[in-house]
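Comments concern the structure below.
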Amino acid sequence: MMNNWPTKKLGKICKINPTKSEIKDISNDELVSFVQMSSVSEVTQEIEEQVEKTLGEVRKSYTYFRKGDVIFAKITPCMENGKVALTDNLEHEIGFGSTEFHVVRADIGVLPEYVFYLLASEDFKKEAETKMTGSAGQKRVPKSFLQKYEIPLPPFEEQKRIVKVLEEKLGKVKKMIRLREEAIADTENLLSARLYETFEEGIKQGWEERKLKELGKLQTGTTPKTSIKKFYGDFIPFIKPADVDYRNDGKINYENNFLSKEGLEIGRVTDEGSTAMVCIGASIGKVGFSDRKISFNQQINVISPKEGINKKFIFYTLRDKGFYKKVIGASSQSTLPIINKTKWGNLTILLPNLKTQEKIVEELDELSEKVNQLKELEQSQLTDLKNLEQAFLREAFEGKLI
């Protein structure tokens with residue numbers, strides 16, 4: 001640190017996850033503000049939506065906080081994505097929210113806004129990520145990490161000056177970040193809009209309605225035992241849901257996992273030109289086009305189109321929002337949405353003649369390339385803005401903004 005400020009453990013200057021015993025005498029009829037994880041913006045780091053509930057509805061099952069506390073997502077990937085917010089905009093004094101929030105309440109002499117900016121910094125998130133515990137996909141930041149984390153603590157008046165400068169500088173940057181995020185979303189919608197127009201036109205022209213299973217070979221993947229090391233190597237890419245449409249451009253990431261020749265004897269393989277779709281969980285309906293042979297796990301369905309059908313046409317059809325709605329409608333809704341190969345194969349698409357398929361694919365490929373180029377430019381600009389935001393935060397806690 002480039003300052004003479006003392007460092008203090010967060011747990012010594014803040015309450016971490018205050019207990020509900022504080023509100024034991026308050027009536028269950030009391031109105032409180034309820035905040036879901038999805039209501040905390042990763043861009044603005046503010047609570048953008050809250051619902052009014054009675055204390056009795058939420059007292060037992062949710063996380064308790066008060067106006068002015070900082071809520072911090074402890075679970076992956078919400079933590080890494082920056083879901084943290086100061087609860088100063090609560091409509092009621094008492095709030096409740098997701099059990100995946102940690103709550104940090106500043107003690108006397110500590111400015112809540114100062115704590116908020118520290119928890120929003122990339123340096124803090126990176127350190128928190130190294131201390132996460134639990135299994136893949138369910139890792140969480142433990143309370144003990146927050147309690148022991150040491151922060152620079154300047155005098156109270158200096159904290160106020162730091163916050164004032166950060167509010168001025170970051171307010172402008174966050175506005176630019178939001179505008180860039182909106183521009184990226186608009187760019188992504190260009191292809192979706194064109195797909196919608198294409199299939200609306202297909203309805204008017206009377207394209208044939210066909211079941212997916214009639215158009216090619218369908219497969220659901222499998223996973224060779226991870227405890228048997230000889231099954232894994234560098235022979236063929238092994239695809240998991242996170243690898244499908246991993247950049248929101250319909251492409252597949254082939255670089256994460258590989259099977260050996262022995263593993264491939266147990267796993268499933270599909271030829272190049274196949275379309276993979278995630279068939280379970282939050283990513284259900286994500287679609288990727290494979291330009292090479294791949295193997296894949298049991299959370300992915302794959303179609304390999306037969307002769308006489310344009311392979312990319314199937315890919316674009318399955319990316320259409322209309323098909324996604326069919327997938328959701330046919331999914332079993334238990335703990336996680338899931339669609340098996342049989343139900344998937346019985347879903348229908350509109351199929352024109354091969355010449356029309358090829359013409360549509362040529363047009364969509366051209367548009368897709370332009371969209372991806374524009375997104376890369378916009379994403380680069382967004383990255384620069386986020387780096388600037390983090391640079392301001394780093395300077396603030398190094399004492400360089402005062």
Side-chain angles (χ1 to χ4, degrees), residues 184-220 239 241 243-252 270 273-291 296 299-306 308-331 337-372 374-375:
I184 291 173
D186 289 342
T187 299
E188 290 176 341
N189 285 334
L190 290 173
L191 185 60
S192 295
R194 186 69 186 95
L195 287 170
Y196 175 80
E197 292 171 1
T198 297
F199 294 107
E200 283 294 298
E201 186 63 27
I203 293 173
K204 295 177 183 177
Q205 293 183 12
W207 292 354
E208 185 180 10
E209 190 172 25
R210 300 282 297 276
K211 290 185 178 180
L212 206 59
K213 66 182 180 182
E214 300 170 353
L215 306 179
K217 179 182 178 181
L218 306 186
Q219 293 177 279
T220 298
I239 306 304
D243 301 316
V244 178
D245 193 29
Y246 72 114
R247 295 186 305 193
N248 296 318
D249 59 1
K251 294 181 180 179
I252 291 175
T270 189
S274 299
T275 294
M277 193 197 79
V278 180
C279 60
I280 186 172
S283 297
I284 190 169
K286 289 186 70 175
V287 175
F289 183 76
S290 174
D291 60 7
F296 44 98
Q299 295 179 320
I300 295 172
N301 290 332
V302 170
I303 178 170
S304 303
K306 61 186 179 182
I309 297 174
N310 187 285
K311 296 175 180 179
K312 288 291 284 290
F313 182 82
I314 296 297
F315 161 70
Y316 282 121
T317 301
L318 269 56
R319 285 194 81 185
D320 177 48
K321 289 182 179 179
F323 187 80
Y324 173 77
K325 290 178 180 178
K326 290 183 179 182
V327 168
I328 297 301
S331 299
I338 181 171
I339 184 166
N340 61 34
K341 184 178 69 174
T342 299
K343 289 183 178 179
W344 193 57
N346 282 321
L347 298 180
T348 59
I349 68 168
L350 294 175
L351 191 72
N353 59 54
L354 182 57
K355 185 176 180 180
T356 302
Q357 293 175 40
E358 291 170 345
K359 180 182 178 183
I360 289 171
V361 166
E362 183 179 356
E363 293 173 353
L364 291 175
D365 276 349
E366 183 178 348
L367 175 60
S368 184
E369 182 63 26
K370 291 179 180 178
V371 165
N372 289 337
L374 182 55
K375 278 174 58 180

Please find the pair of heavy atoms, one from [X] and one from [Y], that lie closest to each other, and give the distance.
{"X": "N301", "Y": "C279", "answer": "ND2-CB, 3.3 Å"}
{"X": "L364", "Y": "L195", "answer": "CD1-CD2, 3.7 Å"}
{"X": "S304", "Y": "T270", "answer": "OG-OG1, 2.6 Å"}
{"X": "L191", "Y": "S368", "answer": "CD2-OG, 4.4 Å"}

Taking the side chain as everything from C-beta on, heavy atoms only, tell me whether [X] gets closer than 4.5 Å to [Y].
{"X": "L318", "Y": "W344", "value": "yes"}
{"X": "S331", "Y": "I339", "value": "yes"}
{"X": "L212", "Y": "N346", "value": "no"}
{"X": "F199", "Y": "F323", "value": "no"}
{"X": "I338", "Y": "I284", "value": "no"}
{"X": "L350", "Y": "E208", "value": "no"}
{"X": "F313", "Y": "E358", "value": "no"}
{"X": "M277", "Y": "V327", "value": "yes"}

So does I280 get a backbone contact from the side chain of Q299, meaning a donor-acceptor N/O pair under 3.5 Å?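 Judged by distance alone, no pair lies under 3.5 Å.
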Do any N or O atoms from the side chain of N189 and from the backbone of A185 form a donor-acceptor pair under 3.5 angstrom?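 At least one qualifying donor-acceptor pair exists.
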Would you check, one step at a time, whether the test side chain to side chain donor-acceptor pair (under 3.5 Å) holds for S290 with S274? CA-CA 5 Å; S290 174; S274 299; over 6 Å; no
Value rounded to 0.5 Å, distance of [atom1] in [X] from [atom2] in [Y]:
{"X": "Q205", "Y": "I203", "atom1": "CD", "atom2": "CD1", "value": "11.0 Å"}
{"X": "L347", "Y": "T342", "atom1": "CG", "atom2": "OG1", "value": "11.0 Å"}
{"X": "L218", "Y": "K341", "atom1": "CG", "atom2": "NZ", "value": "7.0 Å"}
{"X": "F315", "Y": "I303", "atom1": "CZ", "atom2": "CD1", "value": "13.5 Å"}
{"X": "S283", "Y": "Y246", "atom1": "OG", "atom2": "OH", "value": "15.0 Å"}

With the threshold set at 4.0 Å, does a side-chain nitrogen-carboxylate oxygen contact exist between E363 and R194? yes
Could you check whether K370 pairs with E366 (Lys NZ or Arg NE/NH1/NH2 to Asp/Glu carboxylate O, under 4.0 Å)?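 Salt bridge flag = yes for E366 with K370.
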Just to verify, what does R247 make a side chain to side chain contact (heavy atoms under 4.5 Å, CB included) with, not counting sequence neighbours?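 Testing R247 for side chain to side chain contact (heavy atoms under 4.5 Å, CB included), a comparison that skips the adjacent residues, returns D249, K251.
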Could you go through the side-chain contact (heavy atoms from CB on, under 4.5 Å) check for I300 and T220 one step at a time? CA-CA 6 Å; I300 295 172; T220 298; over 6 Å; no
Could you list all the side chain to side chain donor-acceptor pair (under 3.5 Å) pairs where at least one residue sits in residues 316-327, not counting sequence neighbours?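 Output for this query lists Y316-D365, K326-T348.
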Go through I360 and T356 one step at a time and tell me if the side-chain contact (heavy atoms from CB on, under 4.5 Å) criterion holds. CA-CA 6 Å; I360 289 171; T356 302; 3.8 Å; yes
Exceeds 12 heavy-atom contacts within 6.0 angstrom, atom CD of E214: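 Enclosed: over 12 neighbouring heavy atoms sit under 6.0 Å from CD of E214.
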For V287 and T275: C-alpha separation, side-chain torsions, deciding distance, then whether side-chain contact (heavy atoms from CB on, under 4.5 Å) applies. CA-CA 7 Å; V287 175; T275 294; 3.4 Å; yes
Pair K217-K306, side-chain contact (heavy atoms from CB on, under 4.5 Å): steps then yes or no: CA-CA 7 Å; K217 179 182 178 181; K306 61 186 179 182; over 6 Å; no
